[in-house]
Amino acid sequence: MKLEFRKEDWEEFLGNIDFTDNEKKIIPLLRRGWYQMDIAAELDISVSTVKRRITSITNKTVSYIMRTRKMNHN
């Protein structure tokens with residue numbers, strides 16, 4: 001699933017999910033289409049750490065979407 005955000009919605013989205021500071025460093029790089037290896041090199045962390053943080057970002061995002069949909073359907 002690819003999420004598209006209008007510029008004005010992006011900050012609100014980020015504010016509604018409890019991303020860690022480390023996750024917040026990865027998100028803009030992912031949005032630019034960077035590869036995991038390049039993110040790891042840029043942030044001076046291992047690729048496995050990048051993968052773990054991306055998994056966490058994904059899980060938090062999906063949870064947020066599911067909560068939002070559930071609230072909108074009630």
Side-chain angles (χ1 to χ4, degrees):
M1 169 187 353
K2 182 176 180 179
L3 296 175
E4 297 283 336
F5 287 95
R6 294 179 309 193
K7 192 179 247 185
E8 58 271 15
D9 294 333
W10 182 245
E11 288 299 321
E12 181 181 342
F13 171 75
L14 288 177
N16 285 322
I17 300 179
D18 191 23
F19 292 120
T20 66
D21 289 341
N22 289 325
E23 291 165 348
K24 288 178 184 177
K25 292 176 186 174
I26 290 176
I27 292 169
L29 304 178
L30 289 173
R31 289 189 73 210
R32 290 185 205 125
W34 286 35
Y35 293 104
Q36 293 174 1
M37 186 172 63
D38 296 326
I39 294 170
E42 175 71 17
L43 299 178
D44 197 27
I45 56 178
S46 70
V47 173
S48 63
T49 298
V50 172
K51 288 179 182 181
R52 191 172 54 253
R53 290 180 185 167
I54 290 172
T55 298
S56 179
I57 290 166
T58 302
N59 291 339
K60 289 177 181 182
T61 301
V62 169
S63 292
Y64 171 76
I65 291 168
M66 297 306 288
R67 280 192 318 271
T68 302
R69 284 186 180 171
K70 187 182 271 188
M71 288 187 313
N72 289 336
H73 284 110
N74 290 331

Participant: For a quick test of reading the model, state the closest non-hydrogen atom pair linking T49 to I45 and the distance between them.
Facilitator: CG2-CD1, 4.0 Å
Participant: Quick one: pull up CD1 in I27 and CD1 in I57 and give me the separation to the nearest 0.5 Å.
Facilitator: 4.5 Å
Participant: Could you grab the distance from atom CG of L29 to atom CD of E42, nearest 0.5 Å is fine?
Facilitator: 6.5 Å
Participant: Are any of the side-chain heavy atoms of Y35 and V50 separated by less than 4.5 Å?
Facilitator: no
Participant: So, taking the atom named CD1 in I17 and the one named CD in E23, what distance separates them when rounded to the nearest 0.5 Å?
Facilitator: 9.5 Å
Participant: Could you give the distance from CD1 (I39) to CG (D44), rounded to the nearest 0.5 Å?
Facilitator: 14.0 Å
Participant: Could you grab the distance from atom CD1 of I54 to atom CG of L30, nearest 0.5 Å is fine?
Facilitator: 4.5 Å
Participant: I'd like to know whether D18 forms a side chain to side chain contact (heavy atoms under 4.5 Å, CB included) with Y64, so could you lay out the CA-CA distance, the side-chain angles of the two residues, the decisive distance to 0.1 Å, and finally the verdict.
Facilitator: CA-CA 10 Å; D18 191 23; Y64 171 76; over 6 Å; no
